[in-house]
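Written below as structure tokens is the structure these notes are about.
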Amino acid sequence: MGLNNNPSAEQTLRDYDVVVIGAGIVGSAVARELSKYEGRLALLDKEPFPGVGVTKSGISMIHSPLMCPPGTLKERLCFDATARYRQLSLELKVSFREIDELFLALEPSQVPNLETLRKRGKDYGLEGCEIIDPRKIHELEPHVTPKALSALYVRGMGSIYPPEWAFAFAENARENRTHLHFGTPVTGIEKNRDFAYVVRTEKGSFKSRYIVNAAGLFADEIAAMVGDRGIELTLTKGTMAIFDRSVSDRVHHMIYGTFSAGHSQMITRTVYGNLLIGLGRFPKPDHKQDTTVTREKLREVIGMAKELVPGLPEREIITTFAGIRSENNKAAKGDFYIAHSPSAPGVIHSLIGSPGLTAAPAIAERVVKMLEEAGFPLIEKCSFQKERREGPRLPDLSHETLTGAIASDPGYSHMVCRCEQITEGEILAAVRRGADTLDGIKHLTRAGMGRCQGGYCSLPVLSLLAKQLGVGPGEITKKGGMSYPILSQSSRDKNVHG
Ligand SMILES: Cc1cc2nc3c(=O)[nH]c(=O)nc-3n(C[C@H](O)[C@H](O)[C@H](O)COP(=O)(O)OP(=O)(O)OC[C@H]3O[C@@H](n4cnc5c(N)ncnc54)[C@H](O)[C@@H]3O)c2cc1C
């Protein structure tokens with residue numbers, strides 16, 4: 001079970017034209033874009049589910065290019081992002097919420113910056129980009145601070161839930177004959193005379209002529225495996241908090257106070273309607289997986305958000321998290337580095353930072369063109385299935401379709417996650433589609449993402465997973481590896497010997 005569709009024992013099926021390493025938003029989007037063309041394609045990730053690296057740990061907004069330094073590649077790749085996501089959301093049947101941006105000036109010294117941004121927006125031809133006065137600001141956002149002097153109002157941006165998107169890209173790539181290999185950490189890459197590369201993993205080796213390195217925070221390590229040793233990443237950490245939906249009516253836009261290379265002050269609505277605040281001033285993390293949230297940092301983030309919306313009730317915060325931001329040493333001005341390897345022909349590196357979610361669909365198109373430059377022939381697949389077969393989640397269905405689902409499977413009338421109203425039928429469907437961990441179920445269905453944060457539904461979800469997969473409850477993990485919520489004798493043994 002799980003997402004993988006590779007009969008792992010058959011070595012011949014591990015002979016690929018292109019291997020994409022990393023199933024974050026970028027690698028998954030690349031795999032889906034590539035699956036429009038003939039070829040033997042594989043998508044590899046060390047985790048059991050797509051989009052659980054940096055992709056899952058951000059504020060998840062589809063920004064305007066105004067967020068990027070002028071003249072950069074990232075700025076170019078953010079143009080038309082909303083239009084791309086709007087179209088993709090129809091093809092892949094995945095949630096996308098349009099949302100407008102408000103950049104506030106709280107001090108007179110900030111007002112000219114808004115005018116500069118507006119002029120840039122006009123030069124880009126961005127429609128719906130205007131300066132508004134305090135009266136209009138409060139008409140749009142009655143709870144915003146009365147100190148707001150002026151705002152830049154940018155219409156037509158968006159919000160997504162990134163793991164759901166990474167899953168949709170990967171699932172659609174699988175529908176188009178891409179082999180998925182999750183839980184497959186890459187440990188080394190060797191050059192070979194007959195078929196360019198052998199990718200070594202903890203689950204065996206993969207031959208490939210071309211490699212796309214989309215390993216996020218670990219892309220520097222993958223690059224070093226093919227001989228590109230000079231790549232370095234500078235890491236910083238952003239902290240966020242999410243509020244219960246009972247206070248969602250306090251904010252309707254993506255509201256920015258100030259932002260710079262060293263901090264960000266914002267509050268927004270997520271795609272599913274919760275308020276989210278972040279990111280504070282960015283400290284350096286201790287290491288690539290240091291996503292701890294400190295009490296002091298949380299206080300700072302809340303304080304900065306309250307400068308924008310003073311009445312935010314912090315007791316309604318239901319969860320906090322942090323994400324690791326990165327910049328590379330290869331591109332100036334914090335730009336993306338998307339390049340052919342200087343020392344390994346057929347290898348393409350994607351080292352990107354924010355706003356990588358926004359740019360991901362355009363990055364995917366660019367990477368596929370670069371593969372063609374490197375010699376991979378782009379022959380369109382007649383059978384390309386652009387629409388994902390699976391439909392939307394139950395809350396998005398019409399009353400008639402819902403009634404039909406319940407009639408064919410009574411599990412759809414049995415509520416398991418009360419906060420988010422997720423039924424047994426949806427959880428079992430998610431398992432059938434490849435979610436085999438508690439977090440996988442959460443990312444696909446939202447079970448456990450509400451006010452109780454899984455306090456009530458984790459155990460019922462765990463036992464449904466175990467039953468459906470035909471294993472004991474002690475075999476189920478939260479997110480792969482050794483993350484067993486229940487310690488059975490066999491999981492204890494794995495902890496000791498594994
Ligand atoms: C706090 C924060 C807020 C952000 N907010 C926004 C925003 O609002 N809008 C926006 O556009 N962008 C935002 N970003 C940026 C955006 O999230 C990232 O640019 C994007 O998610 C990067 O995607 P990726 O696919 O390159 O990396 P990742 O999501 O990290 O994916 C890399 C994948 O590679 C896998 N991998 C790594 N090493 C190996 C290996 N050895 N073998 C196999 N697999 C491996 C990992 O498991 C992972 O799944 C934010 C980032 C942060 C940190």
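When a ligand or atom number is given, it counts from 1 through the structure's own listing order. Just so you know, these numbers come straight off a predicted model, no measurement behind them.
For the pairing with Thr270, the side-chain contact (heavy atoms from CB on, under 4.5 Å) check across Ile160, Leu276, Ile99 returns one residue only, Leu276.
Interface atoms of ligand 1 facing Glu47, defined by a heavy-atom separation under 4.0 Å, are 47 (O). Residue Ile324 has at least one heavy-atom neighbour below 4.0 Å for each of these atoms of ligand 1: 53 (C). For ligand 1, the atoms lying closer than 4.0 Å to a non-hydrogen atom of Phe218 are 37 (C), 38 (N). Near Thr358, meaning under 4.0 Å from any of its heavy atoms, are these atoms of ligand 1: 9 (N), 10 (C), 11 (O). Close contacts between ligand 1 and Gly216 involve ligand atoms 27 (O), 30 (O), 32 (C) [criterion: under 4.0 Å to a heavy atom].
Close N/O approach between Met240 and ligand 1 is not found [any backbone or side-chain N/O within under 3.5 Å]. Looking at ligand 1, you won't find any N or O of Gly51 less than 3.5 Å from one of its N or O atoms. Backbone and side-chain nitrogen or oxygen atoms of Leu217 are examined, and none is located within less than 3.5 angstrom of a nitrogen or oxygen of ligand 1.
Phe96 and Tyr85 have parallel rings, their planes meeting at less than 30° on a 0 to 90° scale where 60° marks the start of perpendicular. Taking the six-membered ring where tryptophan is involved, the planes of Phe49 and His443 are tilted, since the angle between them lies from 30° to 60°.
The closest non-hydrogen atom to atom 51 (C) of ligand 1, taken over Gly323, Gly280, Ser354, Gly238, comes from Ser354. Between Lys74, Met61, Met266, Met67, it is Met61 that holds the heavy atom closest to atom 9 (N) of ligand 1. Evaluated by nearest non-hydrogen atom to atom 48 (C) of ligand 1, the leading choice among Thr55, Asp45, Ile222, Val199 is Asp45.
Remark: Glu171 engages Arg433 in a salt bridge, criterion side-chain N to carboxylate O under 4.0 Å.
Within a 6.0 Å sphere centred on NZ of Lys333, heavy atoms belonging to other residues, nucleotides or ligands number more than 12. Under a cut-off of 6.0 angstrom, the local environment of CD in Glu130 is crowded, with over 12 non-hydrogen atoms contributed by other residues, nucleotides or ligands.
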